[in-house]
Amino acid sequence: MNVKDMLANQTWRWLDQSSSGLHFNPLQSFALDDTLCTSVGEGSSVPVMRAWVHSPTAVLGIQDSRLPYVQDGIQYLKDNGYQVIVRNSGGLAVLLDKGIFNLSFIFKENKTFSINDGYNFMWNIIKIIFDDAPGLIDAYEIKGSYCPGSYDLSINGKKFAGISQRRIRGGAAVQVYLAVSESGAARAELLKYFYERAARGEPARFEWPRIQPSVMASLTELYDQSFSINDILYRLLTSVKEEGALIQPSSLTNEELHRFDYLYQRVVERNNKALQAELKS
């Protein structure tokens, strides 16, 4: 299934939290996507596009939180101005800040629409949005990057984005984070030192990434021109409309607000439990 099949003549709810997200807890984004997955999965909502940007936050994976000296790593991140949270989904540590643009496409799960189809859909969306990229946008694991995966997006070997998925309650959320501005290498260096402090070279339950900051870059660096979050929003909305999508600005319904409150409390409790467990270890 190609991008046009997914977008053409399809109404998409649009939630833009690229400004407001700077003022609320990043854990809310996990609860929001789960809320919207439920609505789309049960058929009470059309598919959703949601954009968000958060203040400086290190989002650790469950595996990261179990490193032998994770307390030292967390303190290092806090000393550098990042709040630290633990997500309950897969993947390893990523950074959020005002120069990182996050985007979710949320639609009803379809058994014929595989996990790889979801990754390829987002990859193709990004290629359309950045059809003037200064090089081919590839999708393969970039060794030495943080949160490495087989759908790391790169230009000339420099990773600028990563794709993830979450499928829950009949809905599927395909998500991408894009490094828009600032230094990709500086972000990578921060996580490099996090891992060095959190692991201290000792055996761990997983193979934590040996980060090489030089393999990561932002779109501003790759294009050698300034990019803002608003530039990305304009490119996104223009591109999906050209593909035939019908965009409907939206907010949560009353029922979704109640569901969100419940799911957010669960996310907060899981996060606190994960952090407290490691502080006691």
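Atom set for the values below is all heavy atoms of this structure, side chains included, hydrogens, waters and symmetry mates excluded.
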Pairs satisfying ring pair (Phe, Tyr, Trp, His ring centres under 6.0 Å), at least one member in residues 222-241, at least two apart: Tyr223-Phe227

For residues [X] and [Y], determine if any side-chain heavy atom of one lies less than 4.5 Å from a side-chain heavy atom of the other.
| X | Y | result |
| --- | --- | --- |
| Ile115 | Arg167 | yes |
| Leu60 | Arg87 | no |
| Trp52 | Gln28 | no |

Is the closest side-chain donor-acceptor distance between [X] and [Y] under 3.5 Å?
| X | Y | answer |
| --- | --- | --- |
| Ser39 | Glu256 | yes |
| Asp261 | Gln265 | no |
| Asn230 | Ser228 | no |

Residues, nucleotides or ligands: over 12 heavy atoms within 6.0 Å of Glu182 CD: no

Taking only Lys NZ, Arg NE, NH1 and NH2, and the carboxylate oxygens of Asp or Glu, determine whether [X] and [Y] approach each other closer than 4.0 Å.
| X | Y | answer |
| --- | --- | --- |
| Arg166 | Asp34 | yes |
| Arg187 | Glu189 | no |
| Asp79 | Arg197 | no |

Residues which pass side-chain hydrogen bond (donor to acceptor under 3.5 Å, both in side chains) with Tyr119, listed by chain and number, not counting sequence neighbours: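 Tyr119: no side-chain hydrogen bond (donor to acceptor under 3.5 Å, both in side chains) contacts found.
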
Of the non-hydrogen atoms in [X] and [Y], which two are nearest, and what is the gap between them?
| X | Y | answer |
| --- | --- | --- |
| Phe101 | Ala51 | CZ-CB, 3.6 Å |
| Leu95 | Tyr146 | N-CE1, 4.1 Å |
| Ser145 | Pro209 | O-CB, 4.0 Å |
| Ser29 | His54 | OG-NE2, 2.8 Å |

Connected hydrophobic set around Tyr262, excluding itself, where side chains approach under 4.5 Å: Leu263

Derivation and outcome, side-chain hydrogen bond (donor to acceptor under 3.5 Å, both in side chains), residues Asn80 and Tyr193: CA-CA 11 Å; Asn80 279 273; Tyr193 289 134; over 6 Å; no

Derivation and outcome, ring-ring contact (aromatic ring centres under 6.0 Å, His included), residues Tyr151 and Tyr140: CA-CA 5 Å; Tyr151 277 86; Tyr140 64 91; over 10 Å; no

For a quick test of your reading: what N or O donor-acceptor pairs under 3.5 Å do the side chains of residues 17-24 make, sequence neighbours left out?
residue	atom	partner	partner atom	Å
Gln17	OE1	Arg50	NH1	2.6
Ser18	OG	Asp16	OD1	2.6

Counterpart residues, salt bridge (charged side-chain N to carboxylate O under 4.0 Å, His left out), relative to Arg210 (two or more places apart):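 Scan of Arg210 (salt bridge (charged side-chain N to carboxylate O under 4.0 Å, His left out), adjacent residues dropped) gives Glu207.
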
Residues that Arg259 engages under salt bridge (charged side-chain N to carboxylate O under 4.0 Å, His left out), provided they are two or more places apart: Glu42, Glu255

Given Asp33, Leu103, Asn102, the one that forms side-chain contact (heavy atoms from CB on, under 4.5 Å) with Gln175: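 Of Asp33, Leu103, Asn102, side-chain contact (heavy atoms from CB on, under 4.5 Å) with Gln175 is met by Asp33 alone.
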
Between Trp12 and Phe105, ring centroids under 6.0 Å: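 Close enough - the centres of the two rings lie under 6.0 Å apart.
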
Ser55 backbone acceptor or donor facing Thr57 side chain under 3.5 Å: yes

